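Residue indices begin at 1 and follow the sequence shown. Just so it is clear, the structure is predicted and the values come from calculations on it, not from any experiment. Order of appearance sets the numbers: ligands from 1, and atoms from 1 within every ligand.
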Amino acid sequence: MDDGVLQAFDVQGTIQATIVSTTHLVEEARNRHKLSYTAAAALGRAMTGAALVLPVVARRGRLTMKFQGDGPLGKVVVDASSKGIVTGYVENPRVELPLNSLGNLDVGGAIGKRGYLHVTSDTGFGLPHTSTVELASGEVGEDLNRYLVNCQDAGSVLIVGVHVSRNGVEAAGGLLVQLLPDATEETICMLENNFASFGTFTFLMRRGMGLEDILRRGLQGFELHDLSPFQPLRFDCRCSTERFIQALKGMDRQELLEMAEQGEAEGRCQFCNAVYHVASERLMDIAEGAG
Ligand SMILES: [Zn+2]
């Protein structure tokens, strides 16, 4: 299944739903950062969550999420833009933990149960806006739900899942259903019933169900409008040699000259792990303000 997003509303105007498939972009992140199983699950859930929440908070902009918990993984940072681009990194990508009591990868233990989730949205108008909530469990889905309820005032169901085996990321995706102002007790009841028997998101994907089938399973009993066109998603990054040079231009002349003496400057992008090199001559030019 290709990575991408589908959105739907119901005819009665009680709910709005977003569903994403992110298998390939999470696998790309796993390869680039050489992630452990647990780190792949944690970063994958966060990237999937960012793709789900982006249309809600910055439909035509970008969104950065930082999970800062007290677990061994350190920071988990993701960035998503409305151009369908998602990227991210984990501070300690090799951390591995034993499975939790449910037999699942211990994402909550790895991110940490205590700490904060910071969500910065940039709609392209005015200054970016940051909201902070305490982590609910470090399991990502619950934390994002807490953010949506506290900061976006939106009752919602949010599921994110990543299935990673020794072959890599086999399935990743998620679903967000939000209550709209016309929602009633009956709406909530129907959703609760549907999700009580929904199963695991990645299990449904691995059984070969498409995004639309999974969406309709979660929204049984709702009469849906036409679905939005499928919007592709991919792993990509905003870094470039030019950006690296811009960063060098902000450095002290003496530091630049020292780097030039050593031969070259090397920079690594935290988000995508790309490496950039700037040669000695260019460094001298930058140091002399002629870069
Ligand atoms: Zn990059």
Side-chain angles (χ1 to χ4, degrees), residues 2-5 20-55 57-58 60-68 73-95 110-111 117-124 128 130 140 160 162 164 168-169 172 174 231-251 255-256 259 262-279 282-283 286 291:
D2 291 339
D3 288 351
V5 190
V20 300
S21 165
T22 52
T23 309
H24 303 284
L25 69 91
V26 177
E27 172 66 0
E28 174 91 22
R30 188 186 74 87
N31 279 323
R32 282 176 182 255
H33 296 298
K34 314 247 179 310
L35 299 173
S36 68
Y37 290 91
T38 313
L43 182 59
R45 285 187 199 174
M47 292 172 94
T48 304
L52 282 174
V53 171
L54 176 73
V57 301
R60 284 184 194 80
R62 61 186 319 108
L63 178 75
T64 306
M65 286 180 183
K66 182 163 79 174
F67 293 81
Q68 179 96 63
L73 222 45
K75 273 185 303 202
V76 177
V77 183
V78 299
D79 189 273
S81 89
S82 56
K83 298 190 176 99
I85 291 169
V86 188
T87 184
Y89 69 91
V90 172
E91 194 173 1
N92 300 310
R94 313 281 193 275
V95 165
I111 289 181
L117 164 61
H118 308 279
V119 181
T120 302
S121 57
D122 185 352
T123 56
T130 301
V140 178
V160 284
V162 175
V164 50
V169 177
Q231 304 259 350
L233 288 173
R234 68 187 156 85
F235 185 102
D236 205 343
C237 194
R238 290 188 289 165
C239 68
S240 63
T241 306
E242 261 328 295
R243 278 182 173 246
F244 181 45
I245 288 172
Q246 281 305 325
L248 290 173
K249 284 181 181 170
M251 287 176 70
E255 281 179 278
L256 287 164
M259 279 193 280
Q262 285 158 18
E264 64 169 15
E266 183 185 287
R268 185 181 293 274
C269 173
Q270 255 183 323
F271 277 96
C272 71
N273 228 10
V275 178
Y276 294 98
H277 296 275
V278 172
R282 186 77 198 271
L283 286 169
I286 297 169

Mind listing the closest non-hydrogen atom pair of [X] and [Y] along with its distance?
X: Ile111; Y: Val140; value: CD1-CG2, 3.7 Å
X: Val162; Y: Gly44; value: CG2-C, 3.5 Å
X: Val26; Y: Ala172; value: CG2-CB, 3.9 Å

Heavy-atom side-chain contact between Thr22 and Met47 under 4.5 Å: no
Using a 3.5 Å cut-off and no angle test, enumerate the donor-acceptor pairs between side-chain atoms of residues 76-85 and protein atoms at least two apart in sequence or in another chain.
residue: Asp79; atom: OD1; partner: Arg62; partner atom: NH2; Å: 2.5
residue: Asp79; atom: OD2; partner: Thr64; partner atom: OG1; Å: 2.8
residue: Ser81; atom: OG; partner: Lys83; partner atom: N; Å: 3.1
residue: Ser82; atom: OG; partner: Gly61; partner atom: N; Å: 3.4
residue: Ser82; atom: OG; partner: Gly61; partner atom: O; Å: 3.3

Derivation and outcome, side-chain contact (heavy atoms from CB on, under 4.5 Å), residues His24 and Arg234: CA-CA 8 Å; His24 303 284; Arg234 68 187 156 85; over 6 Å; no
Near the Zn ion (ligand 1) (under 2.8 Å) - protein N, O or S atoms: Cys237 SG, Cys239 SG, Cys269 SG, Cys272 SG
